[in-house]
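Reviewing the structure listed below.
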Amino acid sequence: MKKKIVKMGNEVLYKKARKVIDVNEEEVKDVIIDLRDTFDESNEFTVGISAPQIGYDLAVCLCRDVNTNATYIMINPEITSKSKEVESHVEGCKSIGTGEDGAGTILGRVERAKEVTIRYLDEKGKSKTLTAEGFFAAVLQHEIDHLNGRLYIYYITDPEKLEKRGEDATE
């Protein structure tokens with residue numbers, strides 16, 4: 001079911017999500033369905049969504065690689081390695097801003113590792129490893145941060161560089 005996006009101020013965004021013990025639990029299956037439904041209803045700017053963003057405190061997220069259009073459900077994802085080399089990308093988050101449709105989303109440039117390797121469980125409970133670089137690596141780090149109670153704005157050192165996207169951007 002499509003869920004409303006949880007906004008800044010809600011405590012679920014600031015705490016570490018619970019690890020999934022059994023991928024076959026009904027709650028886990030519900031979270032995955034809700035992540036997919038909510039993601040599918042999103043606009044073209046959406047590349048990831050985490051369980052805390054739709055009100056669940058479980059370590060599950062969905063990420064899309066814009067280069068291949070592949071989507072990944074990741075359960076208990078962990079960064080196992082990251083490059084020392086960093087890249088800067090503009091990030092936004094539906095939990096930070098005013099509109100669910102992307103209007104009013106707050107954007108900021110964030111430096112993250114250029115390449116990361118992630119270990120996670122897929123929906124069937126199979127252990128997987130994924131290495132990503134560039135923008136997709138940033139997406140993975142952003143969503144894993146959500147699962148650890150961190151928002152991308154924590155990395156913004158100059159708040160004056162934040163921007164607003166959408167119709168109400170000049171208000």
Side-chain angles (χ1 to χ4, degrees), residues 1-79 89-108 110 116 118-130 132 135-153 164-169:
M1 169 182 3
K2 181 180 187 236
K3 296 286 194 176
K4 188 169 179 66
I5 300 295
V6 171
K7 299 294 185 178
M8 258 180 86
N10 187 307
E11 69 180 42
V12 73
L13 293 175
Y14 306 108
K15 64 182 187 177
K16 188 171 177 70
R18 291 182 292 130
K19 293 263 187 211
V20 171
I21 305 302
D22 179 1
V23 299
N24 295 309
E25 284 181 15
E26 202 60 39
E27 182 183 23
V28 176
K29 291 178 179 187
D30 289 345
V31 168
I32 292 169
I33 290 167
D34 292 348
L35 282 171
R36 281 200 172 106
D37 289 349
T38 306
F39 182 84
D40 288 344
E41 292 288 321
S42 298
N43 66 41
E44 72 274 15
F45 297 111
T46 303
V47 291
I49 189 168
S50 68
Q53 288 183 277
I54 58 171
Y56 295 100
D57 72 334
L58 282 175
V60 183
C61 62
L62 182 155
C63 299
R64 178 170 59 95
D65 182 344
V66 295
N67 295 314
T68 63
N69 213 31
T71 58
Y72 300 85
I73 291 287
M74 298 182 164
I75 300 169
N76 300 336
E78 293 180 20
I79 297 172
H89 295 278
V90 173
E91 295 187 22
C93 181
K94 290 188 176 214
S95 291
I96 302 170
T98 56
E100 293 231 359
D101 62 353
T105 298
I106 305 297
L107 304 173
V110 178
V116 293
I118 311 293
R119 183 178 56 232
Y120 66 98
L121 298 175
D122 68 11
E123 341 179 22
K124 295 181 180 358
K126 184 175 180 191
S127 182
K128 303 266 189 166
T129 301
L130 175 68
F135 182 68
F136 189 46
V139 170
L140 294 170
Q141 291 169 84
H142 178 111
E143 296 308 326
I144 290 171
D145 273 352
H146 270 300
L147 302 179
N148 288 309
R150 292 188 57 82
L151 301 173
Y152 86 90
I153 57 171
K164 206 177 211 186
R165 171 179 48 222
E167 293 175 17
D168 62 345

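Side chains included, hydrogens not; waters and symmetry mates left out as well; all remaining heavy atoms used. Treat the numbers as computed from the prediction; the structure is a model and nothing was measured.
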Heavy atoms, side chains only, cut-off 4.5 Å: are L35 and V60 in contact? yes

Return the NZ to CG distance between K3 and D37, rounded to the nearest 0.5 Å. 10.0 Å

Taking S127 for its side chain and L121 for its backbone only, find out whether a donor-acceptor pair lies under 3.5 Å. no

Show every donor-acceptor pair shorter than 3.5 Å between a side-chain atom in residues 70-79 and any protein atom, with sequence neighbours excluded, or say none if there are none.
from, atom 1, to, atom 2, distance (Å)
N76, OD1, V20, N, 2.8
N76, ND2, V20, O, 2.9
E78, OE1, R119, NH2, 3.3
E78, OE2, K19, NZ, 3.3

Heavy-atom nearest pair, Q53 first then G48, reads OE1-O, 4.5 Å

Report yes if some heavy atom in the side chain of D145 is under 4.5 Å from a heavy atom in the side chain of Y152; otherwise report no. no

Sequence neighbours left out, what passes side chain to side chain contact (heavy atoms under 4.5 Å, CB included) with K124? Give chain and number order. D122

Determine whether V12 and Y56 make a side-chain contact, defined as any pair of heavy atoms from C-beta on separated by less than 4.5 Å. no

Apply side-chain contact (heavy atoms from CB on, under 4.5 Å) to L58 and E27, showing your working. CA-CA 9 Å; L58 282 175; E27 182 183 23; 3.7 Å; yes

Over all atoms of both residues, closest heavy-atom pair of A137 and A132: CB-O, 3.5 Å

How long is the straight-line distance from CG of N148 back to NZ of K16, given to the nearest 0.5 Å? 4.0 Å

Starting at NZ of K126, measure out to NZ of K128 and round the result to the nearest 0.5 Å. 5.0 Å

By side chain to side chain contact (heavy atoms under 4.5 Å, CB included), N69 pairs with (sequence neighbours left out) R64

Could you name each residue pair satisfying ring-ring contact (aromatic ring centres under 6.0 Å, His included) that touches residues 3-23, not counting sequence neighbours? none

Nearest non-hydrogen partners of M8 and L151, listed with the distance: CG-CD1, 3.7 Å

Between V47 and V66, is any pair of side-chain heavy atoms under 4.5 Å apart? yes

Side chain to side chain, H146 and C93, heavy atoms closer than 4.5 Å: yes

Go through the structure and list residues passing side chain to side chain donor-acceptor pair (under 3.5 Å) with D30, not counting sequence neighbours. none

Distance (rounded to the nearest 0.5 Å) between I144 CD1 and Q141 CD: 7.5 Å

Does the side chain of L130 reach to within under 4.5 Å of the side chain of L140, using non-hydrogen atoms? yes

Side chain to side chain contact (heavy atoms under 4.5 Å, CB included) involving N67 - partner list, sequence neighbours excluded: D65

What's the separation between atom NE2 in H142 and atom CZ in F136, rounded to the nearest 0.5 Å? 13.0 Å

If you apply the rule side-chain contact (heavy atoms from CB on, under 4.5 Å), what do you find for I49 with T38, and how did you get there? CA-CA 8 Å; I49 189 168; T38 306; 3.6 Å; yes

Show the nearest heavy-atom pair for residues K164 and I106, with the distance to one decimal. CG-CD1, 3.9 Å

Salt-bridge test for D57 and R18: reply yes if a basic N is under 4.0 Å from a carboxylate O, no otherwise. yes

Could you walk me through whether K94 and T46 satisfy the side-chain contact (heavy atoms from CB on, under 4.5 Å) test, starting with their C-alpha distance in whole Å, then the side-chain angles of each, then the deciding distance to 0.1 Å, before giving a yes or no? CA-CA 8 Å; K94 290 188 176 214; T46 303; 3.0 Å; yes

I need the minimum non-hydrogen distance between V31 and A51, along with the two atoms involved. CG1-CB, 3.8 Å

Smallest heavy-atom separation, N24 atom then K29 atom, equals O-CE, 3.6 Å

Would you give the length of the straight line joining atom CG of L62 to atom OG of S50, rounded to the nearest 0.5 angstrom? 10.5 Å

Please test I32 against V23 for side-chain contact (heavy atoms from CB on, under 4.5 Å), starting from the C-alpha separation and ending with a verdict. CA-CA 10 Å; I32 292 169; V23 299; over 6 Å; no

